[in-house]
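Report on the following structure.
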Amino acid sequence: MKIKKKVFWFDVETTGLDHLKNGIIQLSYIIEIDGKIEKKRNFFVRPPKFTIIDNQALSVTNTKPEDLQNYMPFEIVFNNLISDLDLYVDKFETTDKFYMAGYNVTFDERFLRRFFKINNHKYFGSYFNNKKIDVFGFVDVCIYCDIIPNIKSRKLSELCDLFSIPLNAHDSSSDIQATRDLFYLLKNYIR
């Protein structure tokens, strides 16, 4: 039996850069199985009260502190996330897990792991394997192989401009769709 390739493309916007102090304010993901999009979700998240909010981080996403009160409570977002993951992964089967994918995915992974922890869910590894698709690193390979020019920065926005990929930067829904589009475009160049 062939094992299905399951990819959890995701991006977060946060109240700062420290996953231990700051929290998620937007979580967007695309569930892909064998190259086909199965589900897309976008949540604006009201972080827990103990979350430290960096106003500079909010300004990047054009969010005001009072906007957060109108966002969905973090517990409800988490329950939606788990429901979606449960639809596509048998958490008791060790070979049935998602690859985590994104742009500089380790940053987002830290916040997602913390999201599990603050929701008292100990089973992050029941849904995700330790394999990652990091388009940020893939760009370096493409630069090295002369597939793309040695660009000034590796910002997602610069790459999207280079390849005419639509992007509304710092909106996690747009960021993750652009990241996935960029990955498949670069993958096709390598072929």
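All values below were derived from every heavy atom in this structure, side-chain atoms included, with hydrogens, water molecules and symmetry-related copies excluded.
Counting heavy atoms from C-beta outward, Ile37 and Ile31 have side chains that stay 4.5 Å or more apart. Between Leu112 and Phe124, the closest side-chain pair of non-hydrogen atoms falls below 4.5 Å. A heavy-atom distance below 4.5 Å is found between the side chains of Phe111 and His19. Within the 4.5 Å cutoff, the side chain of Phe128 has heavy atoms near those of the Leu85 side chain. Proximity of Asn22 to Asp18: side-chain heavy atoms (C-beta onward) are separated by under 4.5 Å at one or more points. Ile30 places a side-chain heavy atom less than 4.5 Å from the side chain of Ile176. Side-chain contact between Gln26 and Phe43 is absent, with no heavy-atom pair separated by less than 4.5 Å. The shortest distance between side-chain heavy atoms of Leu182 and Cys160 does not fall below 4.5 Å.
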Take Phe163 and Ile148 through the test side-chain contact (heavy atoms from CB on, under 4.5 Å) and record every step on the way to the result. CA-CA 10 Å; Phe163 292 107; Ile148 59 176; 3.0 Å; yes
> For Cys142 and Ile190, what are the C-alpha separation, side-chain angles and deciding distance, and is it a side-chain contact (heavy atoms from CB on, under 4.5 Å)?
Replying inline: CA-CA 8 Å; Cys142 292; Ile190 286 180; 4.1 Å; yes
Working note: Tyr127 + Tyr123, criterion ring pair (Phe, Tyr, Trp, His ring centres under 6.0 Å); need CA distance, chi angles, decisive distance, verdict. CA-CA 7 Å; Tyr127 298 102; Tyr123 303 106; 8.8 Å; no
Quiz item: For Phe98 and Phe10, what are the C-alpha separation, side-chain angles and deciding distance, and is it a side-chain contact (heavy atoms from CB on, under 4.5 Å)?
Solution: CA-CA 11 Å; Phe98 282 108; Phe10 76 106; over 6 Å; no
Given Asn130 and Met100, is the side-chain contact (heavy atoms from CB on, under 4.5 Å) satisfied, shown in steps?
CA-CA 8 Å; Asn130 289 323; Met100 285 181 285; over 6 Å; no
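Distance check: Ile133 CD1 to Thr179 OG1 gives 12.0 Å after rounding to the nearest 0.5 Å. Separation of atoms CG (Leu27) and OG1 (Thr14) is listed at 12.0 Å; rounding is to 0.5 Å. Atom CG in Asp181 sits 4.5 Å away from atom CD in Gln177 (nearest 0.5 Å). If you take CG on Asp11 and CH2 on Trp9, they are separated by 11.5 Å, rounding to the nearest 0.5 Å. Of the inter-residue distances, the one linking Glu13 atom CD with Asn62 atom CG reads 11.5 Å to the nearest 0.5 angstrom. Atom CD1 in Ile25 sits 10.5 Å away from atom OG1 in Thr51 (nearest 0.5 Å).
Of the possible donor and acceptor atoms, none in the side chain of Lys122 sits under 3.5 Å from a partner among the backbone N and O of Phe116. Between the side chain of Asp171 and the backbone N or O of Ser173, at least one donor-acceptor pair lies under 3.5 Å. Between the Ser172 side chain and the Val12 main chain, no donor and acceptor come within less than 3.5 Å of each other. Under a 3.5 Å cut-off, the side chain of Asp175 and the backbone N or O of His170 do form a donor-acceptor pair. At distances below 3.5 Å, not a single donor-acceptor pair connects side-chain atoms of Thr15 with backbone N or O atoms of Ile53. Between the side chain of Lys21 and the backbone N or O of Leu17, no donor-acceptor pair lies under 3.5 Å. Remark: the backbone N or O of Asn104 is paired with a side-chain donor or acceptor of Asp134 at under 3.5 angstrom. Judged by distance alone, the side chain of Ser157 and the main-chain N or O of Ala169 form no donor-acceptor pair under 3.5 Å. Judged purely by atom type and a 3.5 angstrom limit, Lys6 uses its side chain to pair as donor or acceptor with the backbone of Tyr88. A donor-acceptor contact shorter than 3.5 Å links the side chain of Asp34 to the backbone of Lys5.
Criterion: ILVMFWY side-chain heavy atoms under 4.5 Å apart, direct or through other members. Under it, Ile3 and Leu87 are not part of a common hydrophobic cluster. The hydrophobic cluster containing Leu81 also contains Phe107, counting ILVMFWY residues as joined when their side-chain heavy atoms lie under 4.5 angstrom apart, directly or transitively. One hydrophobic cluster holds both Phe136 and Leu159 under the rule that ILVMFWY side chains link at heavy-atom gaps under 4.5 Å. The hydrophobic clustering, which links ILVMFWY residues whose side-chain heavy atoms are closer than 4.5 Å, places Val105 and Val141 apart. Both Val139 and Leu185 are members of a single hydrophobic cluster when ILVMFWY side chains are connected at heavy-atom separations under 4.5 Å.
Between Glu109 and Arg113 there is a salt bridge, since a side-chain N of the basic residue sits under 4.0 Å from a carboxylate O of the acidic one.
For Tyr144, the OH atom is loosely surrounded, since the number of other residues' heavy atoms within 6.0 Å does not exceed 12. Around the CD atom of Glu93, the shell of radius 6.0 Å holds more than 12 heavy atoms that belong to other residues, nucleotides or ligands.
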Which atom pairs, donor and acceptor, lie under 3.5 Å between side-chain atoms of residues 67-79 and protein residues at least two apart or in another chain?
from: Asp67; atom 1: OD2; to: Lys64; atom 2: N; distance (Å): 2.8
from: Asn79; atom 1: ND2; to: Glu75; atom 2: O; distance (Å): 3.3

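Across every non-hydrogen atom of Pro47 and Val45, the tightest pair is CD-O, 3.2 Å. Shortest non-hydrogen contact noted between Ser126 and Lys97 is O-NZ, 2.8 Å.
Checked by atom type, the side-chain pair Tyr29/Asp84 shows a donor-acceptor distance below 3.5 Å. At a cut-off of 3.5 Å, with distance as the only test, a side-chain donor of Asn42 or Ser28 sits close to an acceptor on the other residue.
Exactly one of Tyr189, Tyr184, Phe183 qualifies for a ring-ring contact (aromatic ring centres under 6.0 Å, His included) with Phe138. That residue is Phe183. Exactly one of Lys39, Lys4, Lys40, Arg180 qualifies for a salt bridge (Lys or Arg N to Asp or Glu O under 4.0 Å) with Glu32. That residue is Arg180.
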